[in-house]
Engineer: 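The structure that follows is given in the form of structure tokens.
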Number of protein chains: 2
Amino acid sequence: MASNFTQSLSANRAGCAGCYLRHFCLSADLNDAETEIFSSHIVSQRRVPKGEILFRAGDPLDTLFITRLGSFKSSVLNENGSEQVTDFHMTGEVLGAEAIPTGYHICTVTALEDSEICSLRYRELEAFCDRDLKIARQFRLLLGRKIVAAHQNLLILGCTNSTQLLASFLLNLARKFEARGFSKSEFVLRMTRGELGSFLGLKLETVSRTLTHFDELNLIEINQRHVRIINLEGLKAVAKESGRAKRKTSQE
Amino acid sequence: MASNFTQSLSANRAGCAGCYLRHFCLSADLNDAETEIFSSHIVSQRRVPKGEILFRAGDPLDTLFITRLGSFKSSVLNENGSEQVTDFHMTGEVLGAEAIPTGYHICTVTALEDSEICSLRYRELEAFCDRDLKIARQFRLLLGRKIVAAHQNLLILGCTNSTQLLASFLLNLARKFEARGFSKSEFVLRMTRGELGSFLGLKLETVSRTLTHFDELNLIEINQRHVRIINLEGLKAVAKESGRAKRKTSQE
DNA sequence: CGAGTTCTTGAAACCGCTCAAAATGCGTGG
DNA sequence: CCACGCATTTTGAGCGGTTTCAAGAACTCG
């Protein structure tokens, strides 16, 4: 992953033109000349080492970000000092859109691993939307994707017990990896058990126990943060089971 | 409320021009002539009686809706037949935006009470965005608001116990009422205990018990669906308490 | 290799769920 | 206007699952 990290940035210093995400991003519909203009006026790419904070709750909205490589978490700090994770972000997602209505960020975004982002000056982006309808359309599409992602998170969090919560979360994660061209059956969790628990409304011990429980049931293999989904259908069954057939019921 | 229902529609047959929501909606920045054009091409208002379904998961995205009066729920049907509520909607919210990326709705939206909606033909709206930048900007703003609303729901659902879940939900609801010019301390829940539980990841019995528990603690008064928040600060404290000071601890 | 973080595992208390039944409220029709 | 039936809500008791508290193991990073 480190090699990926150093490699990809140097290969894309040019901006949008050579970006492997281009066709899913704002400049998707632009021709080469337009891309060059857009890229040079709006965009700047840069690395974000693990742990770096892109923006904090309360910061004014100067730039929107798009994840190019790596992963991030959104979180909010409660008055009692505890951190509440509200989302995890992967490649191609817009970061900071929650600030659009008010002009101020309402959550803090942190890199979970060495990552790369694309910075978009928001003012200029808005102005560009006025001049270039293709950018405006694509921007709407990205905002729509954000809404869909949030909706899927709400679906997950509506589950009532740890089994369903974690099964749903893993399935959603697998789908997101698949959509990005990675393996849907084998991947690495970039967040700690604590962050995962904070997102799902569980304690980290419960997350740990439930994951090892899935391992015992041969639904997944899990070593630290490395996950391999063995029995996809079984996991789906667990995620949506109506009753509480937790353990393998020998009869029936 | 029934009088409101019959009254407001007749008063606004003209479209956006006389709509009391206009300044928070798509036509906010248009002058009278532009509003007339936009309104006549895109918009149609209509009543939606309680229980009516605006669209179902799987339906193609023909029209977006904006709540003018009343309230709605979004839900998804699991394969086992159970309904999962993913959101509640109030005045001024866009309904159907989750369908923008794919062109197909991914949830079902149902009126929780006699309501009024504004229908926007999506194709025409997109075309209008290309012609009128003010509409495009305002549309982005509405999508941004949707993202913010989803984020706040995620914050609520990250809570770990029924007390915090319900306290957070009530506070969020109060804030939404306040933002719409209604009382933030006295309002009516438009959803059943079951729907509320489905959204929060709790069983309806737990919802009922927790609400009466709040009543016993003199945080709220609740009669059926009528809620009055008596001790706002206390409710906030309960929503974000780090420990589990559930009952009034006499010592310490 | 060592220090700190992260993860796992255990036991007990607590909380939310399940199942069950009664009470309340609401709409419809008499 | 009242009575009836149905949906919603409340309440109870017992069980099971999640949290809490605690300690040890495994991993990461300098």
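Throughout, a chain's letter reflects where its sequence line sits, starting with A, and its residues are numbered from 1. On a predicted model such as this, the values are computed, not experimentally measured, just so you know.
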Engineer: Measure the distance from CG on A:Asn161 to P on C:dC17 and round it to the nearest whole Å.
Structural biologist: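 So the CG-P distance, A:Asn161 to C:dC17, works out to 9 Å.
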Engineer: Let me know the distance between CG of A:Leu189 and P of C:dT6, rounded to the nearest Å.
Structural biologist: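 The distance from CG of A:Leu189 to P of C:dT6 comes to 15 Å, rounded to the nearest Å.
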Engineer: Has B:Thr206 got a side-chain N or O lying under 4.0 Å from the OP1 or OP2 atom of C:dG16?
Structural biologist: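 B:Thr206 to C:dG16 OP1/OP2: no side-chain N or O under 4.0 Å.
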Engineer: Would one find a side-chain N or O of B:Arg209 under 4.0 angstrom from OP1 or OP2 of C:dG16?
Structural biologist: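 For B:Arg209, the contact criterion (side-chain N or O under 4.0 Å from OP1 or OP2 of C:dG16) is not met.
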Engineer: Which nucleotide sits closest to the side chain of A:Ser162: D:dT10, C:dC17, D:dT18?
Structural biologist: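 Of all the options, the side chain of A:Ser162 is nearest to D:dT18.
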Engineer: Rounded to whole angstroms, how far apart are NE2 on B:His213 and P on C:dC15?
Structural biologist: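 After rounding, the reported distance stands at 9 Å.
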Engineer: Give a yes-or-no answer on whether the side chains of A:His226 and A:Glu186 include a donor-acceptor pair shorter than 3.5 Å.
Structural biologist: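 Looking only at side-chain atoms, A:Glu186 and A:His226 do form a donor-acceptor pair, the distance falling under 3.5 Å.
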Engineer: Taking atom P of D:dT9 as reference, at what distance in whole Å does atom CE of B:Met191 sit?
Structural biologist: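 It works out to 11 Å between those atoms.
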Engineer: Does a side-chain N or O from B:Thr212 land closer than 4.0 Å to OP1 or OP2 of D:dT10, or not?
Structural biologist: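 The answer is no; no side-chain N or O of B:Thr212 sits under 4.0 Å from OP1 or OP2.
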Engineer: By nearest atom, which of the nucleotides C:dC17, C:dT6, C:dG25 is closest to the A:Arg225 side chain?
Structural biologist: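 Nearest to the side-chain atoms of A:Arg225, counting from C-beta on, is C:dT6.
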Engineer: Return the 5'-most residue of the pair B:Thr192, A:Gly201 with respect to DNA chain D, ranking by each residue's nearest nucleotide.
Structural biologist: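 The 5'-side residue here is B:Thr192.
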Engineer: From NZ of B:Lys203 over to P of D:dG12, roughly how many Å is that when rounded to an integer?
Structural biologist: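 My rounded result for the distance is 21 Å.
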Engineer: Which of these nucleotides, C:dC7, D:dT10, C:dG16, is closest to any side-chain atom of B:Leu204?
Structural biologist: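 That would be D:dT10.
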Engineer: Does A:Ile222 or A:Thr160 map to a spot on DNA chain C nearer the 5' end, using the closest nucleotide for each?
Structural biologist: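 Of the two residues, A:Ile222 wins.
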Engineer: About how many Å separate CZ of A:Phe182 and CZ of A:Phe187, when rounded to the nearest 0.5 Å?
Structural biologist: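 Reported value, rounded in 0.5 Å steps: 12.5 Å.
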Engineer: May I have the distance from A:Glu205 (atom CD) to D:dA23 (atom P), rounded to whole angstrom?
Structural biologist: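 Taking CD of A:Glu205 and P of D:dA23, I get 14 Å after rounding.
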Engineer: Do A:Lys73 and A:Glu195 sit within salt-bridge range, that is, some charged N less than 4.0 Å from a carboxylate O?
Structural biologist: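 Answer for the salt bridge query: yes.
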Engineer: Grab the NZ-C1' distance between A:Lys50 and C:dT6 for me, whole Å please.
Structural biologist: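 Whole-Å distance recorded here is 10 Å.
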Engineer: I need the CD-P distance between A:Gln164 and D:dG17, as an integer number of Å.
Structural biologist: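 Value for this atom pair: 12 Å.
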Engineer: Looking at the side chain of A:Leu202, which of C:dT18, D:dT18, C:dC17 is the nearest nucleotide?
Structural biologist: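 Shortest atom-to-atom distance from the side chain points to D:dT18.
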Engineer: Taking CZ in B:Phe24 as the centre, count heavy atoms belonging to other residues, nucleotides or ligands within less than 6.0 Å. Is the count above 12?
Structural biologist: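 Atom CZ in B:Phe24 is not crowded, with 12 or fewer foreign heavy atoms closer than 6.0 Å.
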Engineer: Kindly check if the number of other-residue, nucleotide or ligand heavy atoms within 6.0 Å of CZ (A:Arg56) is above 12?
Structural biologist: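 Atom CZ in A:Arg56 is not crowded, with 12 or fewer foreign heavy atoms closer than 6.0 Å.
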